[in-house]
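Notes to accompany the following structure.
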There are 2 protein chains.
Amino acid sequence: MSRSEGQAREVQGGYAKGEAARLRILEAALAAFGEGGFKGATTRQIAEAAGVNLPALKYYFGGKEGLYLACAEEIVARYRARMVEPILQAQAMLEALHTAEVARDALKLVIRALAEQMVETREVEAWAGFVLREMAEPGPAFDILYEQVWQPGVNIVGYMIGLAGGLRPKAAQIEALLLISSLSAFGASRPVSLKSLGWDDVEGERFAQVMANLDRRIDELA
Amino acid sequence: MSRSEGQAREVQGGYAKGEAARLRILEAALAAFGEGGFKGATTRQIAEAAGVNLPALKYYFGGKEGLYLACAEEIVARYRARMVEPILQAQAMLEALHTAEVARDALKLVIRALAEQMVETREVEAWAGFVLREMAEPGPAFDILYEQVWQPGVNIVGYMIGLAGGLRPKAAQIEALLLISSLSAFGASRPVSLKSLGWDDVEGERFAQVMANLDRRIDELA
DNA sequence: TCCAAAACATATCGAATGATATGGATCATG
DNA sequence: CATGATCCATATCATTCGATATGTTTTGGA
């Protein structure tokens with residue numbers, strides 16, 4: 001008897017080989033789910049992309065849905081890894097000097113970090129699709145993504161917008177939603193945005209141009 | 001021999017009964033594809049929701065993909081029906097008086113019309129999902145939606161932003177993308193936005209609050 | 001070296017899905 | 001009312017998909 005019910009396996013021993021395969025599967029699944037959503041991606045396609053055979057998915061993740069949830073947790077982990085520092089820094093700035101101007105600078109920091117996540121690599125294009133899809137049509141991973149990524153993000157941005165200037169609390173919340181949603185232009189729907197702009201990437205000077213627009217918008221909150 | 005190759009049927013005679021069924025199928029398909037995307041929706045589910053049997057889909061639309069394309073065309077038609085008037089009005093305003101202030105007012109008109117489409121009904125929530133999904137991951141209907149809906153929308157908004165104030169042409173294009181994308185907060189991902197705001201709809205006073213934010217943003221373009 | 005745990009592979013099953021063959025019911029019109 | 005076009009229903013096929021039963025190879029520690 002290997003492992004009990006259809007549950008996923010938990011790493012325990014010092015076996016390193018399997019962990020590598022686990023990661024390959026996770027990576028392939030992130031890309032596949034990000035593109036096609038839960039139903040759009042097939043287990044065979046993921047297995048092939050990861051260079052493993054079909055039962056490996058059950059072996060490591062218990063099945064398709066387990067793999068999907070594991071992807072959500074991985075996204076949360078990566079999001080946190082990238083956002084913890086800028087958010088801490090923003091909070092430090094605000095504790096040191098509690099003015100509207102500092103709030104705007106702190107907000108720029110956070111928005112820049114979010115934007116960098118959106119733009120970074122092809123890999124991120126996948127998880128942006130994953131998150132936005134799950135927010136649009138709640139699936140198995142909705143709760144974890146909403147509570148761990150979306151809601152905290154909207155809250156902190158809304159809070160800072162409130163401190164930043166002339167918006168009343170509700171208007172600040174709405175502004176936070178609009179601001180974060182506008183980032184999706186370079187997240188999930190980036191290919192289209194690039195086509196509209198006649199660009200073929202969003203790096204260097206081009207990323208700076210986008211950030212200039214976002215920064216200007218934050219300055220206008222004064 | 002009824003009709004030639006797997007092609008869809010074209011209405012010709014004065015038969016009215018079939019047209020009603022055709023519309024029921026189209027409506028059900030819009031909702032289903034809007035929620036789950038091309039692969040996420042099943043033909044049986046659509047047929048049942050429309051109150052017809054399975055072969056009816058082939059009979060009227062030639063198959064699943066034909067139905068999908070018909071949905072895209074229907075979306076284009078509805079979009080045009082709602083946007084033609086505000087766009088004509090905006091153009092008339094600009095022809096009468098070619099100033100930045102008028103441009104901002106004209107832009108408010110167009111953005112309001114777009115926002116109303118996003119907010120309107122549950123029905124629109126479906127096609128917003130349809131369009132955004134197709135923009136995120138190009139499928140069979142990408143071309144028609146991009147050329148007939150997305151690109152013209154971005155262009156006209158970008159043009160007006162350019163007229164509206166202090167943005168250089170490229171910055172105006174970027175701003176147009178950000179502005180339109182921010183509307184998706186109340187389009188595809190509306191349920192989440194409502195949850196974040198503690199609202200249960202976006203009507204009346206609440207829609208006015210959202211529009212106030214958007215209008216303020218347009219005023220700040222000066 | 002030995003062996004149990006861990007990792008991988010082959011083959012196949014049952015359900016769901018898109019499609020369609022085939023025939024019957026309904027409708028508009030001469 | 002007869003007749004062909006239009007519309008609808010039953011039954012079934014071939015694929016694809018997720019899952020898993022079963023057995024083999026590899027790994028790392030005693």
Side-chain angles (χ1 to χ4, degrees), chain A residues 1-26 28-29 32-33 35-71 139-141, chain B residues 1-26 28-29 32-33 35-71 139-141:
Chain A
M1 207 113 338
S2 58
R3 212 135 277 278
S4 52
E5 306 310 281
Q7 273 306 337
R9 197 194 61 97
E10 290 300 324
V11 186
Q12 39 194 47
Y15 288 72
K17 182 93 170 293
E19 195 55 21
R22 214 189 100 99
L23 283 180
R24 285 206 315 279
I25 296 173
L26 204 55
F33 286 135
E35 279 192 17
F38 183 73
K39 295 201 67 173
T42 74
T43 53
R44 290 167 213 271
Q45 161 196 352
I46 294 172
E48 191 188 6
V52 301
N53 44 38
L54 208 42
L57 303 200
K58 174 186 168 65
Y59 182 72
Y60 285 104
F61 298 96
K64 192 183 188 184
E65 184 158 328
L67 179 54
Y68 193 73
L69 290 175
C71 284
Chain B
M1 208 123 327
S2 57
R3 210 137 277 278
S4 52
E5 309 309 280
Q7 273 307 338
R9 199 193 59 95
E10 290 300 323
V11 186
Q12 42 194 45
Y15 288 73
K17 181 91 169 295
E19 194 55 20
R22 214 190 99 100
L23 283 181
R24 284 207 315 278
I25 295 173
L26 203 55
F33 286 135
E35 279 192 16
F38 183 73
K39 297 200 65 175
T42 74
T43 54
R44 288 166 215 271
Q45 159 196 354
I46 294 172
E48 191 188 6
V52 302
N53 44 37
L54 208 41
L57 303 200
K58 175 186 168 66
Y59 182 73
Y60 284 104
F61 298 97
K64 191 183 188 183
E65 183 159 329
L67 180 53
Y68 193 73
L69 289 174
C71 284

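Proteins come first, then strands; the chains are lettered A, B, ... in the order of their sequence lines, and each starts at number 1.
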Can you give me every donor-acceptor pair (side chain of residues 41-51 of chain B, partner residue at least two apart or in another chain, under 3.5 Å) with its distance?
unit_1  : atom_1 : unit_2  : atom_2 : d
B/Thr42 : OG1    : B/Gln45 : N      : 3.1
B/Gln45 : OE1    : B/Thr42 : N      : 3.2

Taking the nucleotide of DNA chain C with the closest heavy atom to each, which residue, B/Ala56 or A/Ala56, is nearer the 5' end?
A/Ala56

Could you list the protein-to-nucleotides 14-18 of chain D atom pairs, N/O on both sides, closer than 3.5 Å?
unit_1 : atom_1 : unit_2  : atom_2 : d
D/dG18 : OP1    : A/Ala41 : O      : 3.3
D/dG18 : OP1    : A/Lys64 : NZ     : 2.5
D/dG18 : OP2    : A/Thr43 : N      : 2.7
D/dG18 : OP2    : A/Thr43 : OG1    : 2.7
D/dG18 : N7     : A/Arg44 : NH2    : 2.7
D/dG18 : O6     : A/Arg44 : NH2    : 2.9

To the nearest angstrom, the CZ-P distance between B/Phe61 and C/dA19 comes to 14 Å

Point-to-point distance, once rounded to the nearest 0.5 Å, from SG of A/Cys71 to CZ of A/Phe61
7.0 Å

To the nearest 0.5 Å, what is the distance between CZ (B/Arg22) and CG (B/Leu67)?
9.5 Å

Quickly work out the B/Ile46 CD1 to C/dT17 P distance and round it to whole Å.
11 Å

May I have the distance from A/Asn53 (atom CG) to D/dA21 (atom P), rounded to whole angstrom?
16 Å

What is the distance, rounded to the nearest whole Å, between atom CD1 of A/Ile25 and atom P of C/dA9?
11 Å

Close side-chain approach of B/Phe33 to B/Lys64, heavy-atom, < 4.5 Å:
yes

Check whether any side-chain heavy atom of A/Leu26 lies under 4.5 Å from a side-chain heavy atom of A/Tyr60, and answer yes or no.
no

What nucleotide, of D/dA11, C/dA7, C/dC8, holds the atom closest to the side chain of B/Pro55?
D/dA11

